[in-house]
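Lettering follows sequence order; numbering is per chain, from 1.
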Amino acid sequence: MRLSNYFLPVLKETPAEATIASHRYMLRAGMVKQDSAGIYIWLPLGFKVLKKIEQIVREEQNKAGAVEMLMPTIQSANHWKETGRYDAYGPEMLRIKDRGDRELLYGPTNEDMITDMFRSYVRSYKDLPQSLYHIQWKFRDERRPRFGVMRGREFLMKDAYSFDIDAEAARLTYYRQFVAYLNTYARLGLKAVPMRADTGPIGGDLSHEFLILAETGESEVFCHKDLVDMPAPGYFDNAEDLKSVFEQRTSLYAATDEKHDAEEFAKVPADKQLSARGIEVGHIFYFGDKYSEPMKAQVTGADGKNVNVMMGSYGVGVSRLVGGIIEASHDEDGIIWPKSVTPFGAGIINLKSGDAEADAACEDIYQKLSAAGIDPLYDDKNDRGGQKFARMDLIGLPYQIVIGPRGLKEGIVEVKTRATGEKQNMSPADAVKFISSEYEGVI
RNA sequence: CGGGGCGUAGCGCAGCCUGGUAGCGCACCUGUUUUGGGAACAGGGGGUCGCAAGUUCGAAUCUUGCCGCCCCGACCA
């Protein structure tokens with residue numbers, strides 16, 4: 001993409017309402033624009049990151065055996081009345097009436113709808129297990145939206161729902177998602193720690209939140225230090241390994257403040273005790289027959305008897321992750337994108353647009369990086385160097401190639417690594433090679 | 001939902017107390033000189049001062065009501 005042809009409204013000054021780094025940088029880097037409290041327009045740069053995160057979440061769900069679908073944002077109140085949640089959910093749910101005075105709502109989650117869908121088709125234990133998910137916009141009328149996309153009222157969520165024949169099978173499904181979540185966050189460049197959690201209005205008896213540690217997090221967390229740097233488990237699909245990963249992670253102490261047990265925490269060796277703040281980026285639940293019982297979502301078992309299906313649900317806040325990743329990865333100059341979610345693979349800075357030699361060299365590198373699948377952003381604007389550097393640092397692409405007449409005389413360009421600030425001089429051909437190799441395994 | 005605060009040009013703000021020509025910086029446009037880490041100078045455009053009512057000869061400024069937004073706390077992907 002040529003910057004002269006892109007919509008990137010960067011701000012030099014920070015809008016007054018933004019107090020935390022991710023919000024400030026998302027506004028300044030032209031990623032989002034607030035339309036009203038907790039509701040955001042996703043500008044091209046922000047949208048690109050959102051889609052990249054969404055795609056990683058999708059791929060990991062698919063690997064975990066979940067099947068993608070799409071449910072509507074607007075739901076009938078009937079499903080919710082059947083489960084009793086229409087009254088239980090409270091004013092966070094946005095209730096709407098259509099022209100016929102029928103009660104509708106903008107979905108804050110989809111257990112009720114999918115359970116209704118599921119029961120209308122599935123009759124036999126032979127059709128189980130099933131896991132379905134969608135990535136869809138939700139609306140929760142928060143009392144106090146804040147921190148930009150971290151706590152919006154409208155937000156993009158991946159929510160998966162599982163259906164199993166009995167509790168034992170359902171727990172295995174739960175472990176499978178647990179492992180998939182660890183792999184997902186690792187790909188996003190995040191260190192997420194699973195913690196025992198409250199089940200909230202969704203209910204159930206087994207639930208974990210995944211939190212990334214950040215000073216600006218809304219939750220207070222307590223955990224064993226070793227959990228933070230544990231590597232992603234990787235891919236396998238047998239009951240024994242799934243269970244052992246789950247047990248390995250849950251045997252060490254980790255809880256948010258509402259589930260915190262000071263006595264238990266005290267048993268963690270003092271040098272391993274970590275109390276910090278965290279951002280919740282995922283929440284998984286096993287809730288058994290909480291919905292299948294009232295909605296009579298049953299299948300006939302091998303013994304000819306009807307049983308309620310055992311369910312779980314698994315949420316990832318996709319739009320929140322955009323902010324969460326920035327909280328975890330930025331410096332005083334701007335964002336530092338992990339390679340897996342960067343909106344563009346590399347930035348090309350032309351220090352003298354209009355200079356025939358510089359233009360030609362930039363154009364050549366632009367073509368070669370594009371051909372290599374790097375998806376570069378070429379700053380071909382007529383601005384001064386300093387402005388281009390500051391802008392490129394702000395939007396945080398992992399690599400910058402700085403090209404100007406002075407270097408070209410000696411046959412070199414400068415390659416800057418955003419995360420470290422390290423600058424290396426090399427030939428244009430080597431720059432393309434270097435960046436391509438850095439992305440090996442990522443693209 | 002309790003407490004606090006803010007709404008004046010695209011962004012950041014001053015002006016309001018003590019009513020009388022709407023201002024500054026950045027951004028934007030034109031020109032000149034510049035150009036290797038957010039250039040300088042000159043000129044220029046852009047605002048029903050959140051909305052409504054009231055007081056007044058006169059309201060950004062005073063009064064009342066409404067709307068919107070932010071921050072701190074209690075609740076949540």
Distance check, [atom1] atoms only: [N] and [M], in whole angstrom units.
N     : M     : atom1 : result
B/U56 : B/G68 : C1'   : 29 Å
B/A74 : B/A27 : P     : 41 Å
B/C69 : B/G12 : P     : 16 Å
B/C26 : B/G38 : C1'   : 11 Å

With a non-hydrogen cut-off below 4.0 angstrom, is [X] in contact with a base, only sugar-phosphate, or nothing?
X        : result
A/Glu13  : base
A/Lys416 : base
A/Leu11  : nothing

[N] base / [X] side chain donor-acceptor hit below 3.5 Å:
X        : N     : result
A/Lys423 : B/G37 : yes
A/Arg391 : B/G38 : no
A/Asp393 : B/G37 : yes

Whichever of A/Arg146 and A/Asp35 has its nearest RNA chain B nucleotide further upstream toward 5':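 Its nearest nucleotide lies further toward 5', so the answer is A/Asp35.
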
Parallel, tilted or perpendicular, judged at 30° and 60°: which one describes the rings of A/Tyr174 and A/Tyr314?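 A/Tyr174 vs A/Tyr314 ring planes: tilted.
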
A/His283 and A/Phe285 aromatic ring geometry - parallel, tilted or perpendicular at 30°/60° bounds: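 Answer is parallel, since the angle falls under 30°.
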
Does one side chain, of A/Glu438 or A/Tyr399, offer a donor that lies under 3.5 Å from an acceptor on the other?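 On atom types as modelled, these side chains qualify, holding a pair under 3.5 Å.
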
Between B/C26, B/C70, B/G73, spot the one nearest the side chain of A/Glu17, thanks.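 Taking heavy atoms from C-beta onward, the closest nucleotide is B/C70.
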
